[in-house]
Amino acid sequence: MIEDYKTAKRMGDEAVRSAKRSGKSPYLPVLDALIDASNTAGQVSLGLLELPLSRIKGNKEKSRNNAFANNFMPIFDANTEFALKWSALYDSYKEEGIRDAIKVYEYMNEYYVQEGNKRVSVSKLGGNEYILADVTRIIPKKDGSKEVQVYYEYLDFYNLTNNFLLVFSEPGAYEKLADLLGQNLVDPWPEEVCSELKSAYYRFERVLKKEVKYFVDQNASNAFLIYISIFPIKTISESTDEQIKNNIILARDEMIASGKTDDTTFLDEAPGEGENDDKSAGIMRIFSRTKKYTASSPLRVGFIYDADIEQSRWVDSHEAGRLYVDEMTGENVLTAAYYVDQLGGTQSALEAAVKDKNEIIFAVSPSMSDDVLKTAVKNPDIKFLNCSVGQAFSSLRCYHAKFYEATFLMGVLAANRALLEGDASQIDYVVREVNQMSRIDLNAFAIGVSTMAPDCKVVLKPVGESGEANVESKVYADIEYSTVGRTGRRPGIYVSNDEKDVYVGAPYFNWGRYYVHIVQSVLSGTWDLGGRLDDTTPANYWFGISTGVVDILAPNLPYQTAKMLSFFKNSIVNGDYTPFVGEIRSNDDKVIQSSFPGSNSSRRTLELSKENLDPKDIVSMTWMNENIVGEL
């Protein structure tokens, strides 16, 4: 009926007006105008798929594009031949549905119609959620961007599961999903696992959209991953819709936070710092809540360790921090350590800490984040913190130190010492553990080396089963605080001599200062952020040298070297310099950051660039600096 067309046209006309008011195109995006065919890596036919209509974004080609608004509703007048054909198709759709598959092209997980845009239009008006489509995939070339990296992770996932429903926005999400299901991204998944995953997602998405209406606009795939991180996937088939709805409401803030990864706030100093109050008071004021604690009713603080202090430099540094809290806070605070190995796993250790009525619980390793999240969602009155950075959680806070500021200074020191020793061609770097933070620290160290000795190479030397590395250079760095394994040698820069290696200096953590700030914030009632962020915006505390949470130790230096290190350190403390400032190049010949965007790099000036890597780019870096030799 033509009246149905008029209804659809009114919706299209309103979409056009709304787009024009907001300065956007009122028409559907055209894939051929968005991509350069020469910049793709080929095409693959996927055959017939039941596609979610919400993922169909536009047209493959420009022809007839002006017939539809950007919501696929028609905008031609009702007296046109186009309107009559659309109306006839809609009448047929109401009688027997859509009989023929549309033809679409998929690019970066979005779909563009080659044939059948009227079928898409009538299906959307009719309230369908899915449509049968013959799909051809266009594969982008790898370009180092986060979006393409995530897409290639999706391709690995799809090739093992044939599941196109789950679309994540962050690197590592597919690997996390695989881990939650006891799988990997290398071997084919069992059919029963694939079937259970699809069934669980269909049901979760249905409840999410129909029962929890205020959450419809959130990314359902990210929300699903958070859900099964907290509630095992089998509970979806075993629970009623009402139970799933209640679980979604319980985890709602986490699901919303998962869609705010790009909005994650990195707090590297206290609000009001320097405004008529001393620095420690400023740092403490970023946290909240008031309660009286006494010796008979102390504030209980639990520390979860995933290794013994004798086996891990990392855990040992945090245990020193816990003991510092005991020394500095008095009898109104009672701390306790919980060892994962002794208590049967991370979840059991967390449950023990909850049972002991700890009001603050620190989990000191990034690998514990999933278990901490599960426990935090179910215990909202306890303050949970995980020692990691770049995570998007609302039920727990993440904290870490800008150790890279100290490793940059160590790079400067190592290169200076190599120059004094007469051999600055190579500095070996002992690799004890591979994770995101170790990559950041390594890059900062390498940049520090190149600042002093531009031609010096930083050669990676992984440790063997003995816990030692095959070091060959005169000056070498063994500065990682690994969470696994331990050597009798303290972290530091060393000069290799025939008789014994000479210690030059080291970066170090002062976790005690961090922990005292947080504990004191609870004692003084300043834990909350005082309205700086809403309840669902992820906050990461990331303090550096300026707060004293990290520092360097370098005794017995020549006074000239000490002056140079002090200059760099003071520049970082005062905010005048960072390790990731100015031009940065990777060891695969990519320009990570230009000194002056748009300028001719061959015409350099002595003016210091103010271009700095954004914290989000730092925590997600995948590159290695141009003077690094080897792979992590």
Side-chain angles (χ1 to χ4, degrees), residues 1-37 40 43 45-138 164 167 209 213 216-217 220:
M1 294 175 60
I2 199 66
E3 291 304 318
D4 295 319
Y5 182 84
K6 290 179 179 179
T7 297
K9 183 178 185 304
R10 284 194 292 270
M11 297 169 64
D13 290 341
E14 175 54 34
V16 169
R17 289 191 293 270
S18 176
K20 288 181 176 180
R21 285 194 298 267
S22 59
K24 299 178 180 178
S25 171
Y27 304 112
L28 291 165
V30 176
L31 180 60
D32 286 350
L34 296 176
I35 64 171
D36 180 357
T40 62
Q43 298 183 7
S45 174
L46 303 182
L48 295 176
L49 300 175
E50 285 280 349
L51 290 184
L53 278 164
S54 61
R55 298 260 295 278
I56 299 178
K57 299 300 182 183
N59 286 325
K60 170 68 166 57
E61 300 170 348
K62 192 172 183 179
S63 61
R64 280 287 183 165
N65 201 55
N66 61 342
F68 297 94
N70 57 18
N71 61 351
F72 266 103
M73 291 299 106
I75 52 178
F76 280 179
D77 289 340
N79 60 357
T80 60
E81 181 184 358
F82 174 86
L84 293 175
K85 289 182 177 180
W86 190 101
S87 298
L89 179 62
Y90 191 74
D91 291 341
S92 172
Y93 159 79
K94 288 191 292 184
E95 291 292 328
E96 54 189 37
I98 298 296
R99 290 175 294 179
D100 299 323
I102 64 173
K103 183 174 181 180
V104 302
Y105 282 80
E106 179 256 308
Y107 180 74
M108 295 289 286
N109 269 318
E110 293 183 337
Y111 299 86
Y112 299 84
V113 180
Q114 174 77 27
E115 297 175 6
N117 42 25
K118 282 196 290 291
R119 278 168 275 172
V120 173
S121 181
V122 300
S123 297
K124 280 181 173 284
L125 184 67
N128 280 26
E129 292 187 6
Y130 293 86
I131 190 169
L132 186 65
D134 183 6
V135 183
T136 299
R137 169 173 290 155
I138 300 175
F164 60 88
V167 179
K209 290 183 177 180
K213 294 181 173 58
V216 170
D217 292 334

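Just so we're clear, the structure is a prediction, and the values are computed from it rather than from any experiment.
In this structure, W86 and Y90 have parallel ring planes: the angle between them is below the 30° cut-off, well short of the 60° mark.
At least one side-chain heavy atom of P52 sits less than 4.5 Å from a side-chain heavy atom of F164. Put simply, the side chain of I102 reaches to within 4.5 Å of the side chain of I56, judged on heavy atoms. No side-chain heavy atom of N59 sits less than 4.5 Å from a side-chain heavy atom of Y27. For the pair I98/L132, no side-chain contact is recorded, criterion being any heavy-atom separation below 4.5 Å from C-beta on. Counting heavy atoms from C-beta on, the side chains of L28 and V113 never come closer than 4.5 Å. Taking the side chain as every heavy atom from C-beta outward, V104 and K60 never approach each other to under 4.5 Å. Counting only heavy atoms from C-beta outward, the side chains of D91 and D4 approach each other to under 4.5 Å.
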- Query: After noting the C-alpha distance and the side-chain angles of E14 and R10, does the key distance pass the side-chain contact (heavy atoms from CB on, under 4.5 Å) rule?
  - Reply: CA-CA 6 Å; E14 175 54 34; R10 284 194 292 270; over 6 Å; no

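Atoms NZ and CD, on K124 and E129 in that order, are 11.0 Å from each other to the nearest 0.5 Å. From Y105, atom OH reaches atom CD of E61 across 8.0 Å, with rounding to the nearest 0.5 Å. To the nearest 0.5 Å, the span separating CZ on F72 from CG on L125 amounts to 14.0 Å. From T80, atom OG1 reaches atom CD1 of I75 across 11.0 Å, with rounding to the nearest 0.5 Å.
R119 and V122 make their closest contact through O-CG2, 3.4 Å (heavy atoms, listed as atom of the first residue, atom of the second, distance). Considering all non-hydrogen atoms of both residues, A69 and A15 come closest at CB-CB, 4.0 Å. The nearest pair of heavy atoms linking L31 to Y107 is CD1-CB, 3.9 Å. Nearest approach of L53 to S123, heavy atoms of both residues: CD1-CB, 3.8 Å. Scanning all heavy atoms of the two residues, the minimum distance from S25 to A19 falls at O-CB, 3.7 Å. Among all heavy-atom pairs drawn from P74 and S121, the shortest one is CD-OG, 3.7 Å.
Ring centroid separation for the pair F82 and F68 comes in under the 6.0 Å cut-off.
Of the possible polar contacts, one joining the K57 side chain to the S54 backbone as a donor-acceptor pair under 3.5 Å is found. Side-chain N or O atoms of D77 include none that pairs as donor or acceptor with a backbone N or O of N79 at under 3.5 Å. Remark: side-chain polar atoms of S87 are paired, donor with acceptor, to backbone N or O of A83 under 3.5 angstrom. Looking only at distances, a side-chain donor or acceptor of T7 sits under 3.5 Å from a matching main-chain atom of E3.
A 6.0 Å sphere centred on CD of E81 holds no more than 12 heavy atoms belonging to other residues, nucleotides or ligands. No more than 12 heavy atoms of other residues, nucleotides or ligands lie within 6.0 Å of CZ in R99, so this atom counts as exposed by the packing criterion. Within a 6.0 Å sphere centred on NZ of K118, other residues, nucleotides and ligands contribute 12 heavy atoms or fewer. Dense packing is recorded around NZ of K94, with more than 12 heavy atoms of other residues, nucleotides or ligands lying under 6.0 Å away.
At a threshold of 4.0 Å, the pair D13-R17 does not count as salt-bridged, since none of the basic side-chain nitrogens sits closer than that to a carboxylate oxygen. Under 4.0 Å is where a charged nitrogen must lie from a carboxylate oxygen, and between R55 and E50 no such pair does.
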